[in-house]
There are 2 protein chains.
Amino acid sequence: MSTENRSANYINCQNCGINQLCLPYTLDDSSLTKLDSIIERKRPYQRGDTLFRAGEPLTSLYAVRSGSLKSYILNDNGEMQITAFHLPGDLIGFSSISDQRYQGFSEALETSMICEIPYDNLELLSGQVPTLRRQIMRLMSDEINADKRMLGLVTSRNAEARVATFLLELSSRFQKRGLSSSEYRLSMTRAEIGNYLGLTVETVSRLLGKFQREHIIKVSGRLVKLCDINRIGEIAGLSPIPCQKKQA
Amino acid sequence: MSTENRSANYINCQNCGINQLCLPYTLDDSSLTKLDSIIERKRPYQRGDTLFRAGEPLTSLYAVRSGSLKSYILNDNGEMQITAFHLPGDLIGFSSISDQRYQGFSEALETSMICEIPYDNLELLSGQVPTLRRQIMRLMSDEINADKRMLGLVTSRNAEARVATFLLELSSRFQKRGLSSSEYRLSMTRAEIGNYLGLTVETVSRLLGKFQREHIIKVSGRLVKLCDINRIGEIAGLSPIPCQKKQA
DNA sequence: CGTGCAATTGACGTGGCTCAAGTGGTGTGG
DNA sequence: CCACACCACTTGAGCCACGTCAATTGCACG
């Protein structure tokens, strides 16, 4: 079978719709072929399937091709703390590079296609391909940034602002992936949203209800429609309740 | 002047007491010399001096040689959100690699010696020295981890647990640097601790007072002595108030 | 010795958690 | 096709940890 056929019929990086959000970004053809050759793709993960569990030796990083996942850690009390929701193009596992063991868990929220990137091979290849090395650093840097922003959100904004920010962030992430930024389906439960934002299910539910009553959004189960994005931005930004003023 | 004299009389990586916490870790002599040669060391930074400000183009990463700093971002309301306190050996600036601009501010909390590592040179060198590249990735991975743990702390633990965890974390970081883990000086104000932990000054002050009244610690201004580390661990871990039970 | 910021302490208010009851939607087995 | 079980989600009532506001003390520096 010719390579043309391969790229037409098989799942690979070359024909992946979100490759510019992922590792392949900035890679030339020959480097991309090399990267693609080390990536393994297995059958889809189903809701509840885990990519890895805390403590297991780091074998691979994972890239989301389709679907969505949550990553979480367990604290000393054994409670789950969700640290991220992953969408197509996201890379998973950077936090485990340091001590070569997975630091937490990663679990599919729905049926998902996952690209598995054996870490040793990636590490080797990144020594040969500077653009790949730089892209890995960029993605790690992005994750650090996202975590810091998240930290700012939960330490200094009230519940309304957190939920509004969450809706906006999903909106912008869907937009980057060529999907609607004003109407989307949540693959996570209210409880998972609350856990992620440091709120209870009840609070999340009440606020979505409130936003709906104020005609800012429309919710129907897992489906969300953002009707007044500007208003959501205001709520996310300048919190309406004079907001705890930490020093300027 | 011989190289022996150089290493005896000048500040460099070879004679740096905390080089195994920093970039040099695992580097052989010749690589270490190369790294050292690109590093610039200027006069000490004084309390309040900033290494960089948000928006400026990324020129260097910074390593703390002595002293301490805070990094912070400003949210949409212009409020400061402290994202990290830095001690000797820490590297600063990873979050800025992604878009080649500093994402926040970094400011000395006291007189501090800082090693400046021009980013372009570091990037080049990391292409030639695999051990350096791997150490950079390890340090970035560590930072991601620290941020996730911090996220777990502020989203799901009460004020007591946060302050206790903060005291313990400082303790372990001082220990790694060969300093006392049971008695140390805070270089940050109560307000800065509160900002970092998502609490008000008053709450931090009250809890330090409470811990002291319970003979768990002894505070005298910026000086802290941990008297009952086990107890602090209990408070940091299993929170005494049944603690918001997110799902297990 | 005065100026100014850091820290403490008290009184009070409230946002969001807890507990509890009810609704809705979905899959399974009879 | 219905009955039932099981979740996810919603909604209400009450309470408390922590934020807000305000006054005071302590300490460093010129």
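The model shown is predicted, which means the values in this text are computed figures rather than measured ones. In the text below, chain A, chain B and the rest are named by the order of the sequence lines, each starting its count at 1.
Listed by chain and residue number, nothing satisfies the side-chain hydrogen bond (donor to acceptor under 3.5 Å, both in side chains) test with A:Glu183 (two or more places apart in sequence, or in another chain). With sequence neighbours left out, the side-chain contact (heavy atoms from CB on, under 4.5 Å) criterion links B:Val201 to B:Arg190, B:Ala191. Applying the salt bridge (charged side-chain N to carboxylate O under 4.0 Å, His left out) rule to A:Arg173 yields the partners A:Asp90, A:Glu169; only residues at least two apart in sequence or on another chain are considered. Applying the side-chain hydrogen bond (donor to acceptor under 3.5 Å, both in side chains) criterion to B:Ser98, with sequence neighbours excluded, gives A:Asp142. When the side-chain hydrogen bond (donor to acceptor under 3.5 Å, both in side chains) test is applied to B:Arg222, no partner is found at least two apart in sequence or on another chain. With sequence neighbours excluded, the residues that form a side-chain hydrogen bond (donor to acceptor under 3.5 Å, both in side chains) with A:Ser187 are A:Ser68.
In this structure, the CG atom of B:Leu197 is 11 Å from the P atom of D:dG19, given to the nearest Å. Atom-to-atom, CD of B:Glu79 to P of D:dG19 comes out at 14 Å; the value is rounded to the nearest Å. In this structure, CD of B:Glu160 is placed 16 Å from P of D:dC16, rounded to the nearest angstrom. Straight-line distance from the CZ atom of A:Arg47 to the C1' atom of C:dG27: 14 Å, rounded to whole Å. Between A:Leu223 atom CG and C:dG25 atom C1' there is a gap of 14 Å when expressed in whole angstrom units. In this structure, B:Arg162 atom CZ and D:dA17 atom P are separated by 14 Å, rounded to whole Å. Atoms CZ (A:Arg185) and P (D:dA8) sit 14 Å apart, rounded to a whole Å.
For C:dA6, the OP1/OP2 oxygens have no side-chain nitrogen or oxygen of B:Arg190 closer than 4.0 Å. Residue B:Thr200 places at least one side-chain N or O under 4.0 Å from the OP1 or OP2 atom of D:dG19.
Legend: salt bridge (Lys or Arg N to Asp or Glu O under 4.0 Å) pairs involving residues 195-209 of chain A, not counting sequence neighbours: none detected. Applying the salt bridge (Lys or Arg N to Asp or Glu O under 4.0 Å) test to every pair with at least one member in residues 212-221 of chain B, sequence neighbours left out, gives these pairs: B:Lys210-B:Glu214. For the salt bridge (Lys or Arg N to Asp or Glu O under 4.0 Å) condition, the pairs that include at least one residue of residues 42-62 of chain B, sequence neighbours left out, are B:Lys42-B:Glu116.
A heavy atom closer than 4.0 Å to some atom of DNA chain C occurs in no member of residues 215-222 of chain A. Only B:Glu202, B:Ser205, B:Arg206, listed by number, bring a heavy atom of residues 202-214 of chain B to less than 4.0 angstrom from any atom of DNA chain C.
Between B:Tyr62 and B:Tyr102, the ring planes are tilted. Angles from 30° to 60° get that label. Relative ring orientation between B:Tyr184 and B:Phe174 is described as tilted, the plane-to-plane angle lying within the 30° to 60° band.
An end-to-end axis angle of 40° holds for the helix from C:dC1-D:dG30 to C:dG30-D:dC1, taken from five base pairs per end and rounded to 10°.
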